[in-house]
Each structure stands twice: as C-alpha cells, then as structure tokens.
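Contents: one structure, followed by commentary.
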Amino acid sequence: MKSKLRSIIDNGGLVFNQNVKITQLGKSGRIQDALKVFEQMTNRNTVTWNSIISVCSKNGRISEARRLFEAMPRKNLVSWNTMLAGYLHNDRVVDAAQLFDEMPQRDLFSWTLMITCYTRNGELEKARYLFDQMPERRSPGCWNAMIAGYAKNGRVGEARILFDEMPVRDLVSWNSMLSGYTMNGEMGLALELFSRMEERDLVSWNLMVQGCVESGDMDSALDYFRGIPNPNVVSWVTIMSGYARVGRVVEARRVFDRMPERNVVSWNAMIAGYCQNFKIDEALKLFKEMPERNSASWTAMINGYVSVGKLDEAKELLDQMPYENVAAQTAMISGYVQNMNMNEARRIFDRIDTRDVVCWNSMIAGYVQCGKMDEAMSLFKQMPRRNLVTWNTMIAGYAQAGQMNEALEIFENMEERNRVTWNSLISGFNQNGLYLDALRHLASMGREGMKPDQSTFTPCLSACANLATLQMGKQIHHFAMKTGYSSDLFVANALITMYSKCGRVSSAEQVFKDIDGVDLISWNSMIAGYALNGYGKEAIELFNEMESKGLRPDQVTFVGVLSACSHAGLVDQGLRLFDSMIIDYSIDPLAEHYACMVDLLGRAGRVEEAYQLISKMPIKANAGTWGALLGACKMHRRLELGKLAAQKLFEFEPHKTSNYVLLSNMHAEAGRWQEVEKLRRLMKERKVDKQPGCSWVEVKNRVHSFISDDSTQPMTVEIFDTLQCITMHIRNTGYNPEIRLH
DNA sequence: CTAGGGTTAG
C-alpha cells in the first residue's frame, strides 16, 4: 500500500517534471526534443497533452497540434483554450472561429483569445461584436485586448473611449493605451498619459523610449532611457535599434558593447542594425561569433546580403541553415523578386512546407512587379487564406497593369478595407486617366468612415489638375488643411500643379511660398506652372533663384524652363539654357528637351535651325519632337518640311487624327486638293476616325462638357454668339486666330 | 498547459 502510494507520488512528480521539460524545450525552439520526451512518456496527463499542443502550435506546427488535440483522451477547458491560442499564434482566424463555436464552455481566456484573433486580423468590428456579447467582463483582461486591438490598428480614439469607460484599470490597461499613442506617433498624448500614471513598470518606460525612437527623436529617447530605474534588455535593444535606424551605427555598437546582459535578440538587433546600414562584413562577424542563433539571426543576415544585391551569398547562407524557416526563405524570395528572377523565387517558394501569408504575398508582389498579373491571380486563387496586404497588392498590381476593372472587382469582393486599399484604388484610377473615378472614390471613402491621408490627397489633386476642375481642387485643398495634411510635401507639390493647371498661378505661388523645406519637385512644379500659363519671365526668375541657392536643377526642371521660354518667345534665353543644361549640369537632353527647342526655334520662324537640331540629335526623336516641327511648319507654311515631319509622326501615332488634319490643312492652304484627297483616303485605309473635339468647363461646381457639332447642348446659339464676340476682341488686339468651326 | 502591454528577422 505504502509503496503504491509512493510510486503514484513519484510518478506524479516525474510527470510534472517532464511536462515542465516539454515547455522549456518548446521555448528554446527544440521542438524535436520536446516531441521525443512526449513520445517516451508512459503516463501522460492532460497537462502533458496541453503542453505539447502549445509547443507545437507556437513552433508553427499547427496541424500537428490539431492532430494531438483530436487524439488526447480527456480535454479540459485549458485544452480548448490552448488550441484556440494555437490558431491565434498561427493567424488561423477562420479555424479559431470554428473552434470557438464548437467549445463546450468558455471562460475569460477563450473570449479574449478570440477577440485578439480578430483584432490581429484587422477585423475590429467582429472583435467588438464578441466583446459586446461577452457574458461577464468585469476583469480588465478582455478590455485590454480590445484596447490593444484598436491601438494596433491605428484607431486610438476608440481605444481611448474604452479605456475611459472600463470599470477597473490595471497596469496592462495603462500600457495598452500608452502603446496606442506611442505606436501611432502621438507622442504628445503619450506623454500626457505617461505622466498621469501612478505606477509604471519597465514596459511603460520602454514604450516611451520606443515612441521617441519611432519619431526619430533620439535625444528624447536617450533622456527616457536614462530615466529608467533598471533598464532591461528590451530597453537596451530599443535604444540600440534606434541609433541603427537613424544611421548612427557607431553609437549603436557602443550601446551593444555596454549592454549589461545580452540575449539572442540583442545580437539579432545589432546584426540587423549593421545590415540596415549596409555594413554586411560587420554583421557577418557578429553572426559568426554569436553564442546562439535563432531563425531571426539567419533571416536578418540573409536579408542583409539581399539588400546589397549579393544573392549568391544569401543563398549560400540559406542552404547552410540547420533547419528550414519561412521568414528566411521569404527573405531569399524577396531577393530574387528584386532581381525580377521569378524562376528562382518560385523554386524557393515551391519547397516551403508550411507557407504562411507573408511568403504568398511576397510571391504575388513579385509577379505583380514583373507585370505578370495572370500568375499573380493564379497564386491569389490558390492560397488558403489572404490578408489585407494580399488584396491590396492585387489591387495595386491591376492598377499598375492598367486593368482597372479587375482592380475594382478585387476591391468590391473585399470584406475589410483599410486606407491602403482605398489609396491603391484611387491612385490607380488617377494613373490610368480615370480622374472622375478617382474623385468619386474619394467621396465613397469618406462615406465608409475612412479618413484620407497624404497618399489619398496627392492622386486626387492630380486628378483635379488633369480635369482642371478648380472647385473640386479647392475643396480637397480645404479638406487636406482640415485634416492636417496640406503641409505634407507631396500634397503641397500636388497643390501647386493643381492650381497651375487650373490657371490659378497666384494660388500655386501661395502654396509654394508656404512650404517649409521645398524640394526639387516643388521647384519643378512651380516652374512648370509658370511655363504652362505663359509666365516666361517668372519661370526664368524662379529658375535663377533656384540656381543662386545652389540647388541642382534636373531634367524635369529644364523641360519646364525651356517650355516657358518657348511659350514666351524668349529664344536667346532658351538657347542659352539649353547649352547650360548640357555644359554646366552635364544633363543629356531627352527628346522632351529637343521638342521644347524645336518648338522654340520653330515659333520664332527659325524652322530650318529647328530641323537641323532634330537631324543632329544623338538620341531618337519622339512624337513630341516631330509634332513641334510640324506645328512650326504649319505656322510658317513650310509645306515640304511639314510633309516630312508628318510622315515621321504617322509612324509614331498612326491613329492620331490631329496629325492628318494638320497636314491636310497645310495642303489645302496651298491649294493642293489632290493631296488633301489622298490623305483622306489614307485615313480611311488606316481607319483613323475624326474624333469630335471635346472640352469642358466648370461652372458652380458642375462640369459642363462640349463636343463639337453637338446640337444637344442646350445653349449652342449663345455659345456661338459668345465665341464670335471673343474672336472679334482678339482680332482687335492684332492676333489672327485661325478659327475653323467643326 | 491557455488571454491582454514593450525588443530582433521575412
């Protein structure tokens, strides 16, 4: 009797010890050893099973975890929760939801786990629904999960409402809220909250350091770091990564050397820091001498080689890895993707046994980058589950490929969208010339409660510029001001172009003046804006100002200033600038620059010189260049040269009606009706349609469009009367416009 | 053995 009891106690102790062993092995990633211990055990209890399930799922072996879960003789509530946690760790939201439904009973852990599943997946509405459904929520745990969920998805306001509402707050609640602020760049609010905290732990302090690091403010980060009573590894690593991130890798190394204790994360962070600063040799040195490596160490190193284009070295490292790891393999895939080598990328991808969303997404991004949308779509269909990044990548891919219908179809099939989704779609519309669609979706975005940011405003303003719709442009300007994005440089530059193209040079000037820290794009936009509106002198003055400030103009700057010269008839200035571009700035002129010069000389009647310039061009002339010559020939009635220019143009743009019409009119002016007839036949042969001209004007925020010969326009008579009137005025000022009504 | 806050890699 006595010995039997003894053996039960001993056995119990043994089981307990072995359960602990399994967990420990799992934590150090030694899953094989953990499984071996489990298999060799003769008397397992429920905790044994729960432990091994936890170990498997935390090491990515989720299907094995599920098999064990099915196989275990007796399940308790912790078993169910452990399985649920397993799905959480492996981003298997759908499976988690199913398990959650099947559970015989639920406790606080179960609910909180499921809520976290949804928030991690960005499905905040579902998470919130569960949160509201919970039968019992006095403890702060579930509140904290919900707050963190909002915080991680950038919805700090909603997080704060819950934080203020909750009945009992613990330290984790405060820290969750604090992390919401620090992770979303709200350092002012973070500081306010931090100073109100009655109790702070290392997490609170580390969050403040991290927040400063994220906003690039290393001075404040260091201040907080120094204020920490007993900094731990996390604090040290945070400050070290901060230095590495802003390029101060020497200081990062000094922090690394001074760290009182180092774990594998410290080493990894230092390696990653060196890699970010392209000091691969230093990284490799550390990698070789570090006492213990995990998958992050390998991945960081592989990624380092990839970032400097040394793919062979990266591959060698990947092959040397003692075990396979998705992240490392994905880093390698990204390397091949950068080199547009989809075959090698595919080879790596095909041999990954447990593919996660990120590696699928990387492959899809690769195909997208190569313009292979069919391949991307095929993977998209095959993958077992998709996340927001997947959907957004597909939208951006189709947009880039000019397939906006497909992009829209993806968009419409999405259950959850984020700002990136909307921005991809809107900028896709803009890039493909569907300006009205871009603006329409800006409106729907607002209706769905999604706030626009700089990446929304920029394409929308560009759409307004292309439509020359001043009213809408102004509205968006106000909207951007109200939301604090009008001072964003990209937005401001887009505003300059928008106002310029709408003919409001003074508004463009105002925006330009208000920018602090203008960049090259700002200068270029303003110069082009002057040029477009015929302000030649101002364009050149701005160009001179730019030069006097020691700024280096680029190709785009010269397109602007040269076209300004041509529009304003400043021939000598233009010629001087063209020379200066080549000699002083060593910029090889593009076809666009030649087009400006041909236009400039041509308008001034120096048609022969214009032609000489084209003949001597070291690069191939484009349609713009020949078009400028044809225009000049038309203006100065140079029929023979005009014919030549037109012939060249027909090669570039065989279906562009205006070229044919221009040449035809030249023949008509010279009374060569046979040639006119010949051209007409050629157009018929080539199926060139004479498309009706279209124009539009905006009156009181409504766009009115006009098509030539359009009798449906209700005010045709008035319009023609006004047109005649304007023509008369223009004639009186000495200009003789050529008017050919339809 | 299961949840909620902070560090490294894709």
Side-chain angles (χ1 to χ4, degrees), chain A residues 16 19-20 22-23 26 45-55 57-58 76-86 88-89 107-117 119 139-149 151-152 170-180 182-183 201-211 213 231-242 244 263-273 275-276 293-304 306 325-335 337 352 356-359 361-362:
Chain A
F16 175 82
N19 290 347
V20 171
I22 288 176
T23 306
N45 59 21
T46 306
V47 177
T48 318
W49 286 90
N50 292 349
S51 306
I52 195 71
I53 289 170
S54 172
V55 164
S57 54
K58 278 183 185 156
N76 61 13
L77 183 51
V78 176
S79 319
W80 285 88
N81 287 341
T82 306
M83 193 63 233
L84 196 56
L88 167 65
H89 286 300
D107 65 0
L108 213 105
F109 281 84
S110 332
W111 286 94
T112 309
L113 276 163
M114 199 59 230
I115 288 173
T116 309
C117 268
T119 59
S139 94
C142 53
W143 291 82
N144 296 343
M146 200 61 229
I147 289 172
K152 287 212 172 87
D170 62 8
L171 188 52
V172 177
S173 323
W174 284 88
N175 285 340
S176 303
M177 194 59 236
L178 188 63
S179 89
T182 56
M183 287 189 313
D201 66 359
L202 268 168
V203 175
S204 334
W205 282 99
N206 291 342
L207 273 167
M208 290 308 285
V209 177
Q210 175 68 14
V213 161
N232 65 358
V233 201
V234 178
S235 331
W236 283 93
V237 169
T238 307
I239 200 86
M240 181 182 83
S241 302
N263 59 14
V264 68
V265 176
S266 325
W267 288 84
N268 290 347
M270 192 63 237
I271 289 173
C275 288
Q276 280 156 19
R293 295 179 196 125
N294 63 14
S295 57
S297 333
W298 290 90
T299 310
M301 203 57 233
I302 290 171
N303 189 41
V306 162
N325 174 270
V326 214
Q329 287 163 314
T330 309
M332 197 64 236
I333 288 177
S334 311
V337 162
I352 300 177
D356 63 4
V357 202
V358 185
C359 75
N361 288 348
S362 306

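All chains are named by letter (A, B, ...) in the order of the sequence lines, taking the proteins before the strands, and each is independently numbered beginning at 1. No hydrogens, no waters, no symmetry mates; every other heavy atom, side chains included, goes into these values. Since this is a predicted model, take the numbers as computed values, not measurements.
At whole-Å resolution of the value, CZ in A/F109 and P in B/dG4 are 10 Å apart. Going from atom CD1 of A/I53 over to atom P of B/dA3 covers 13 Å, rounded to whole Å. One can place CH2 of A/W49 at 18 Å from C1' of B/dT2, the figure rounded to the nearest angstrom. Atom pair A/N144:CG and B/dT2:C1' shows a separation of 17 Å (rounding to whole Å applied). Distance, A/L178 CG to B/dG5 C1': 9 Å, rounded to whole Å. Following rounding to the nearest Å, A/W236 (CH2) and B/dT8 (C1') show an atom-to-atom distance of 18 Å. Per the geometry, CD belonging to A/Q210 stands 15 Å off P belonging to B/dG5, to the nearest Å.
Minimum atom distance to the side chain of A/A85 is reached by B/dT2, of the listed B/dT2, B/dG10, B/dT7. When distances run from any side-chain atom of A/L171 to the nucleotides B/dG5, B/dG10, B/dC1, the shortest one goes to B/dG5. For A/H89, whose side chain is taken as the heavy atoms from C-beta onward, the closest listed nucleotide among B/dA9, B/dT2, B/dA3 is B/dA3. Nearest to the side-chain atoms of A/T238 among the listed nucleotides B/dT7, B/dG4, B/dG10 stands B/dT7. Listed nucleotides: B/dC1, B/dA9, B/dG4. Nearest to the side chain of A/T112: B/dG4. Candidate nucleotides B/dG10, B/dA9, B/dC1 were compared by shortest atom distance to the side chain of A/A300, and B/dA9 ranks first. Of the candidate nucleotides B/dC1, B/dG6, B/dG10, B/dG10 has the atom nearest to the side chain of A/A327. Residue A/S176 places its side chain closer to B/dG5 than to any other of B/dG10, B/dT2, B/dG5. For A/L88, taking side-chain heavy atoms from C-beta onward, the closest of the listed nucleotides B/dG4, B/dC1, B/dA9 is B/dG4.
A donor-acceptor contact under 3.5 angstrom links the side-chain atoms of A/D170 to the base of B/dG4. Side-chain N/O atoms of A/D356 and base N/O atoms of B/dG10 include a donor-acceptor pair closer than 3.5 Å.
No hydrogens or angles considered: nothing links the side chains of A/T238 and A/N206 as a donor-acceptor pair under 3.5 Å. Side-chain N/O atoms of A/N50 and A/T82 include no donor and acceptor closer than 3.5 Å. Side-chain contact, A/N175 with A/D201: a donor N or O sits under 3.5 Å from an acceptor N or O. With hydrogens and angles left out, the side-chain atoms of A/N45 and A/N19 include a donor and acceptor closer than 3.5 Å.
Nucleic acid contact class of A/V55 (heavy atoms, under 4.0 Å, all strands): none. Within 4.0 Å of A/A148, counting heavy atoms only, lie sugar-phosphate atoms of the nucleic acid but no base atom. Using a 4.0 Å heavy-atom criterion, one finds that A/N232 contacts the bases of the nucleic acid, with or without backbone contacts as well. When heavy atoms are screened at a 4.0 angstrom cut-off, A/L108 is found touching base atoms of the nucleic acid. Residue A/D201 is classed as a base contact, given a heavy-atom separation below 4.0 Å to a base. Among the atoms of the strands shown, base atoms are found under 4.0 Å from some heavy atom of A/S295.
Residue A/K152 places at least one side-chain N or O closer than 4.0 Å to OP1 or OP2 of B/dG5. Within the 4.0 Å cut-off from OP1 or OP2 of B/dA9, not a single side-chain nitrogen or oxygen of A/N268 is found. Using a 4.0 Å cut-off, some side-chain N or O of A/S54 falls inside it from OP1 or OP2 of B/dT2.
Between the side chain of A/N303 and the main chain of A/V306, no donor-acceptor pair closer than 3.5 Å is present.
Side-chain contact between A/T46 and A/S79 is present, with at least one heavy-atom pair separated by less than 4.5 Å.
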